[in-house]
K.L.:
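I'd like to ask you about the structure that follows.
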2 protein chains.
Amino acid sequence: MALDADSIARSFAERGLRLTRQRRAVVDAVAAAGASLSALQVFDAARERCPELGLTTVYRTLEVLSEIGAVRRVHGPDHCEAFVPAGAVHGHTVVCSSCGRATEFTQCDMHAVVDAAARQTGYEITEHFLQLSGICAACNAAAGAPGPSGKGAG
Amino acid sequence: MALDADSIARSFAERGLRLTRQRRAVVDAVAAAGASLSALQVFDAARERCPELGLTTVYRTLEVLSEIGAVRRVHGPDHCEAFVPAGAVHGHTVVCSSCGRATEFTQCDMHAVVDAAARQTGYEITEHFLQLSGICAACNAAAGAPGPSGKGAG
DNA sequence: CTGCCTACTGAAAACGGTTTTCAGTTTCAG
DNA sequence: CTGAAACTGAAAACCGTTTTCAGTAGGCAG
Ligand SMILES: [Mn+2]
Ligand SMILES: [Mn+2]
Ligand SMILES: [Zn+2]
Ligand SMILES: [Zn+2]
């Protein structure tokens, strides 16, 4: 289930849920963000579109979006951190350790790794959770040349 | 840094930390567990060896063990969940979705996957967080048909 | 031994993100 | 219109974790 308006609307309808103005604001805020967002950041962003929105509704909506696969959670090494839009049924997230930008990737042929792990541990492996981090193209370019430094986190 | 008594003792000493009875109880509890343990579960297990142990000390000790790489955090799809002993400098965890047993694996040749992700996203990838789940050998055996002939593994 | 310094401790309080409760409000079918 | 069900935000409750604090343990110099 992707994070486009139509799919969302359909998923909500299927569950007997209404796609209210508040919920739309949350969806739009997550979709518009290029980076992963905490619940509070979603709240702040969404309130610019819908000032009377409450934090409670943000949590409730993110929960639904997570259930229908429209957003994915990002885990840091220490904490459960944030949400990112999920565009593909099976996809993973690369997070830029410099600026926080999050991008989805879908080319994850894990057969070799999964086979090796199965052989080593004796488990029958059914799922993989993979999350990469690195430097995004923009940050990489900025690091090599002087110029208008964007938003940096570091 | 592995989770054996000597390495732990050395790492603690290097940091000017004392390896007290309470801390030893925490280390032993994590090391003895075959599954991932939450802080509270560590507390319960460790108190059998050291009844006057406090929860505060468990958190403080797990923090140190995490810093020196003797334990690793396990993330669930929704939550940051638990701690597992870490035996290798670079290793990952397979968690049994049936019994919770956690096993470490080290054969994670991610070159192909990382290259594909880099090509797809334009990121320069520097780290990977990978966590597998599936069914451990014991659970697989128990779930299979009681007869010796009809065992289906996948 | 004594005294001193620092690491360490658990109980209790504080903290902070999340969930629940509650008393309305909105939406929609009939 | 009426009534049912979904939905809402504010406030309270919740709960795992961290901080505070007053005291304890242990190594070491004298
Ligand atoms: Mn994948
Ligand atoms: Mn690896
Ligand atoms: Zn970046
Ligand atoms: Zn199992």
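Numbers restart at 1 for each chain; the letters A, B, ... are given by sequence-line order, proteins then strands. Computed over heavy atoms, backbone and side chain alike; hydrogens, waters and symmetry mates excluded. Remember, it's a predicted structure, so these values are computed and weren't measured experimentally.
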K.L.:
Hey, what are the protein-to-nucleotides 15-24 of chain D N/O distances that come in under 3.5 Å?
P.N.:
from: D:dT17; atom 1: OP2; to: B:Tyr59; atom 2: OH; distance (Å): 2.1
from: D:dT17; atom 1: O5'; to: B:Tyr59; atom 2: OH; distance (Å): 3.1

K.L.:
Of all residues at least two apart in sequence or in a different chain, which pass the ring-ring contact (aromatic ring centres under 6.0 Å, His included) check with A:Phe129?
P.N.:
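Residues passing ring-ring contact (aromatic ring centres under 6.0 Å, His included) with A:Phe129: A:His75, B:Phe129.
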
K.L.:
Under the rule for side chain to side chain donor-acceptor pair (under 3.5 Å), what residues qualify as partners of B:Arg119, not counting sequence neighbours?
P.N.:
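Applying side chain to side chain donor-acceptor pair (under 3.5 Å) to B:Arg119 gives none.
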
K.L.:
Atom CD of A:Gln41 to atom P of C:dG17: distance rounded to whole Å?
P.N.:
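Roughly 11 Å, once rounded to whole Å.
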
K.L.:
Please report the shortest heavy-atom distance between B:Arg47 and B:Leu53, naming the atom on each side.
P.N.:
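Smallest interatomic distance, heavy atoms only, reads CD-O, 3.8 Å.
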
K.L.:
Go through the structure and list residues passing side chain to side chain donor-acceptor pair (under 3.5 Å) with B:Arg18, not counting sequence neighbours.
P.N.:
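Listed in chain order: nothing, the list is empty.
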
K.L.:
Linking Ile, Leu, Val, Met, Phe, Trp and Tyr through side-chain heavy atoms less than 4.5 Å apart, which residues share a cluster with A:Ile135?
P.N.:
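Members alongside A:Ile135: none; it stands by itself.
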
K.L.:
Expressed in angstrom and rounded to an integer, what is the separation of A:Arg24 atom CZ from D:dC7 atom P?
P.N.:
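It is 12 Å, rounded to the nearest whole Å.
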
K.L.:
Sort and list the pairs that fulfil salt bridge (charged side-chain N to carboxylate O under 4.0 Å, His left out) and have at least one residue in residues 100-116 of chain B, not counting sequence neighbours.
P.N.:
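Matches after skipping sequence neighbours: B:Arg72-B:Glu104.
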
K.L.:
Could you list the protein-to-nucleotides 28-30 of chain C atom pairs, N/O on both sides, closer than 3.5 Å?
P.N.:
none

K.L.:
Can a side chain N or O of B:Arg23 be found less than 4.0 Å away from OP1 or OP2 on C:dT9?
P.N.:
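Yes.
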
K.L.:
If only side-chain N and O atoms of A:Thr20 are considered, is one of them under 4.0 Å from the OP1 or OP2 phosphate oxygen of D:dT8?
P.N.:
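It does, given that an N or O in the side chain of A:Thr20 lies less than 4.0 Å from OP1 or OP2 of D:dT8.
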
K.L.:
Between P on C:dT19 and CZ on A:Phe43, what's the gap in Å once rounded to a whole number?
P.N.:
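Rounded to the whole Å, the gap is 15 Å.
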
K.L.:
Just jot down the side chain to side chain donor-acceptor pair (under 3.5 Å) partners of B:Gln107, sequence neighbours excluded, or say none.
P.N.:
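B:Gln107 satisfies side chain to side chain donor-acceptor pair (under 3.5 Å) with no other residue.
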
K.L.:
I need the CG-C1' distance between B:Leu53 and D:dA25, as an integer number of Å.
P.N.:
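Nearest whole value for this atom pair: 16 Å.
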
K.L.:
Between atom CD in A:Gln22 and atom P in C:dG24, what is the gap in whole Å?
P.N.:
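Distance check: A:Gln22 CD to C:dG24 P gives 19 Å.
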
K.L.:
Mind checking side chain to side chain donor-acceptor pair (under 3.5 Å) for B:Gln120 and listing every partner two or more places apart, or none if nothing turns up?
P.N.:
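Residues passing side chain to side chain donor-acceptor pair (under 3.5 Å) with B:Gln120: A:Thr106.
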
K.L.:
Expressed in angstrom and rounded to an integer, what is the separation of A:Arg73 atom CZ from C:dG17 atom C1'?
P.N.:
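A:Arg73 atom CZ is separated from C:dG17 atom C1' by 12 Å.
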
K.L.:
For the pair made of CG in B:Leu19 and P in D:dA25, what is the distance, rounded to whole Å?
P.N.:
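Checked: the CG to P distance equals 17 Å.
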
K.L.:
Is it the case that A:His128 and B:His92 place a side-chain donor and acceptor less than 3.5 Å from each other?
P.N.:
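Checked: A:His128/B:His92 side chains show no N/O donor-acceptor pair below 3.5 Å.
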
